[in-house]
Amino acid sequence: MKAIASAPAKMILFGEHSVVYGEPAIAGAVNKRAYVEIKKSYNDKSILKSYDLNFEVELDTRNKSYILKKGKPGIIRYILEAFYRVHDHSPIVMTLSSEIPIGSGLGSSAAVTVATLAALYRYHNIRFNKKSLAHDAHMVEQAVQGVASPLDTLVSTYGGLVYLSRNKTFEPFRVNFNAPFVVGYTNKHGNTGKMVKDVRSLKNRNSKVINPVITAMGNLTNYAKQAILKQDYSKIGELMNINHGFLDVLGVNTVELSRMVYAARECGAIGSKITGAGGGGSIIALCPGKSKEVARGIAKEDNVLQVNFTKRGVSSRV
Ligand code: PMV
């Protein structure tokens with residue numbers, strides 16, 4: 001018996017931070033995935049391992065803990081939380097592989113959570129659908145992080161590009177938005193909770209200045225929605241650049257992120273900005289016809305990905 005599942009990374013195109021204050025946001029699934037495979041173990045031990053993330057742990061299913069055999073399993077809290085919600089004590093071997101850099105602001109934890117739950121449900125023949133899976137994955141993220149927006153797990157489950165409106169309804173974009181993006185990620189993990197808190201205190205100290213910026217970011221996201229519907233790349237690029245300026249105003253930029261954002265534009269990107277919480281994490285650059293130049297120009301090979309939005313959400317089979 002073997003179950004396999006995979007789920008995509010996500011990229012926030014517009015609206016990070018302002019979304020916390022009820023403004024709209026646009027985010028989508030990208031064509032980099034996390035994969036989870038579950039097989040019966042032929043000894044009495046349950047093992048969780050990842051070759052590309054270079055860790056191995058032995059699961060202690062009775063005590064809901066683990067024994068580290070190799071490496072640093074940074075993402076393991078999400079897997080364990082999912083695992084102990086679904087799994088019985090039967091010994092299994094679970095293998096994780098990920099094309100998504102961990103902790104880079106591309107939703108690696110959501111993708112790993114969604115793929116883990118889907119693989120466990122398949123393995124145990126538990127019925128699920130996308131709605132229940134997105135809900136359960138959000139619960140896992142919330143249990144691990146304390147607070148979590150449902151956006152990452154939703155996008156990772158359903159795939160596609162979505163618009164989150166001011167009244168918190170999700171609308172999938174019906175257009176095929178296939179533009180090539182380059183992601184540049186720093187080696188510093190962004191701490192979303194801290195960044196959200198820092199923005200809140202900046203806003204409280206300077207409300208008359210920052211409140212209009214947040215509102216303007218929401219208006220910008222709505223312009224971007226129209227530009228995406230029209231496939232107007234140069235307008236989308238222009239709006240990304242303005243959005244980056246606003247994120248800088250909110251204090252979530254860093255020297256490294258800033259350097260990549262401007263290097264991308266020098267190399268031919270028509271728009272570039274921080275994606276996600278900032279303070280570390282990643283930038284994205286929209287660069288039709290210039291992906292190679294931008295990828296080469298902004299960071300060393302290990303810190304760059306070329307991606308597209310994808311309609312493909314979670315996928316699983318036995
Ligand atoms: O760190 P990420 O990529 O999950 O993005 C966080 C986005 C914020 O708007 C800063 C926070 C949130 O919960 O929406």
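We use all heavy atoms of the structure for the numbers below, so side chains are in, but hydrogens, waters and symmetry mates are not. In each ligand, atom 1 is the first atom listed, and ligand 1 is the first ligand listed.
Note that Lys70 lies outside the cation-pi zone of Phe55, set by a 6.0 Å cut-off to the ring centre and a 45° limit from the axis.
Applying the ring pair (Phe, Tyr, Trp, His ring centres under 6.0 Å) test to pairs two or more places apart or on separate chains, none has a residue in residues 262-298. Applying the side chain to side chain donor-acceptor pair (under 3.5 Å) rule to pairs touching residues 180-191 yields Asn187-Asn303, sequence neighbours excluded. Every pair passing side chain to side chain donor-acceptor pair (under 3.5 Å) that includes a residue from residues 103-119 is listed here, sequence neighbours excluded: Ser109-Glu141.
Ionic pairing of Arg122 and Glu37 is not present here: no N-O contact between side-chain nitrogen and carboxylate oxygen is shorter than 4.0 angstrom.
Using modelled atom types and a 3.5 Å distance limit, the side chains of Lys49 and Tyr51 yield a donor-acceptor pair.
Protein residues having at least one heavy atom under 4.0 Å from any atom of ligand 1 are Lys10, Ile12, Glu16, His17, Val19, Val20, Gly105, Ser149, Asp152, Thr192, Val196, Gly276, Ala277, listed by chain and number.
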